[in-house]
Q: 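Structure provided below as structure tokens; questions to follow.
No experiment lies behind these values; they were computed from the predicted model shown. Below, read A as the first sequence line, B as the second, and so on, with proteins coming before strands; counting in each chain starts at 1.
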Protein chains: 2
Amino acid sequence: MTESPVSPVPDEEYREAAVDLLGAIAYGELSAFDRLAEDARLAPTLADKMAIGAMAAGEFANLEKLCSRIRELGGDPAEAMAAFQQGFDDFHLHTAPSDYYEGLIKAYVGDGLAADFYREVAAYLDADTRAVIIESLENSGQTEFVVDAVRSGIAADPRLAGRLALWGRRLRGEALTQAQRVAAERDALSALLTGGVDRPGFDLAALGRMFTRLTERHAERMAELGLDA
Amino acid sequence: MTESPVSPVPDEEYREAAVDLLGAIAYGELSAFDRLAEDARLAPTLADKMAIGAMAAGEFANLEKLCSRIRELGGDPAEAMAAFQQGFDDFHLHTAPSDYYEGLIKAYVGDGLAADFYREVAAYLDADTRAVIIESLENSGQTEFVVDAVRSGIAADPRLAGRLALWGRRLRGEALTQAQRVAAERDALSALLTGGVDRPGFDLAALGRMFTRLTERHAERMAELGLDA
């Protein structure tokens, strides 16, 4: 990764955009925690319950790092997160898993896609904020456990593969729509992404390349699970 | 605390009892995690949701230390926990909180009482196991956050105090019944608690003093919350 294009003394608009992005990621991790804790309840064995619980606890540890950075930038974590609550809650309402496997795939593929998106955007932030974001996104739902559980589920019932492949496509569509809406609704964040006179941003071509990369990585994750993208 | 009365090379019966106790505590923390994650969903604000989520994630971190010690003693964590699953699930079924405050008090008073009981029993274990248990019980539900939330709830609606005091008494009764049942049903654990020819245990007088101490500490916790015991 190259050096950040942002000056070390952030202006007010930049600070707002950074707090916004951190707030979005933080609320995303809080709702991932909540959802994984719910998934743990559906787990067929105690060992599975512990594996999913560990994923949930991991999201929480990440959330705390993001909140510290929000405070360092002069923001209030709960306030920064609140702006994104409705959007994420709607997303979760539209993508409520109907069984244990759909929950696992949502954690693996959905959180993976969100993490890739945030990493792309983090490239436009100052080095400290970027480091916190990248660290907080490590292993978001990306555990061997999910791959093994989904692959053995499909081995036991091959009909699962078709339904879960459709589910993955639906998650991708809903997540990209949601990401677009989040970016568009928040003025400071939009300004950050489109750049300004003194700061580079995504131009249309760069945006297109980013979506291509997100789609490719999504397909790789689906393949790891043994599913068509 | 004095040195452990147990020899450093554990016999099979001792090993079984230690794995049993660690399994009970571990399953207790897994179900506390589950319950706190559910309580977080009821929290009125995002800040409260994060405070309770942090408590849930803390239970999970403790659980992992207990599982490592079970493995070191040659046990299987999921198997050790499974023996206590029904008992704990029954306890939670009988003490399902009917609102947000009852959930908070259950975390504070119920987990506090369980932690005191395990600490008492841990005094009869080898130093390494005892250290893991004591470390894993630190801050079980004992956060300033709960005290503040319950006290402000009562300040806003003084009628809450009577209902919550009754709830605390009910939790104490159910928890002590449950602890007794757990200890009695597991042979190795009973043998540990009652001692043997080469190992000291609780005699009846010691058992009585332990229950007095548990009851006193319970009353202290209720007082911290502003409630009659």
Q: For B/Ala56, which atoms come within 4.5 Å of any heavy atom of chain A: side chain, backbone, both, or neither?
A: side chain

Q: Which atoms of B/Ala54 come close to chain A, meaning under 4.5 Å heavy atom to heavy atom: side chain ones, backbone ones, both, or neither?
A: both

Q: For B/Glu64, which atoms come within 4.5 Å of any heavy atom of chain A: side chain, backbone, both, or neither?
A: side chain

Q: Suppose a student defines contact as a heavy atom less than 4.5 Å from any heavy atom of chain A. Which residues in residues 42-53 of chain B would they list?
A: B/Leu46, B/Ala47, B/Lys49, B/Met50, B/Gly53

Q: Can you tell me which of B/Asp34, B/Leu63, B/Leu30 forms the most heavy-atom pairs within a distance under 4.5 Å of chain A?
A: B/Asp34

Q: If you count every heavy atom of other residues, nucleotides or ligands that lies below 6.0 Å from B/Glu79 atom CD, does the total exceed 12?
A: no

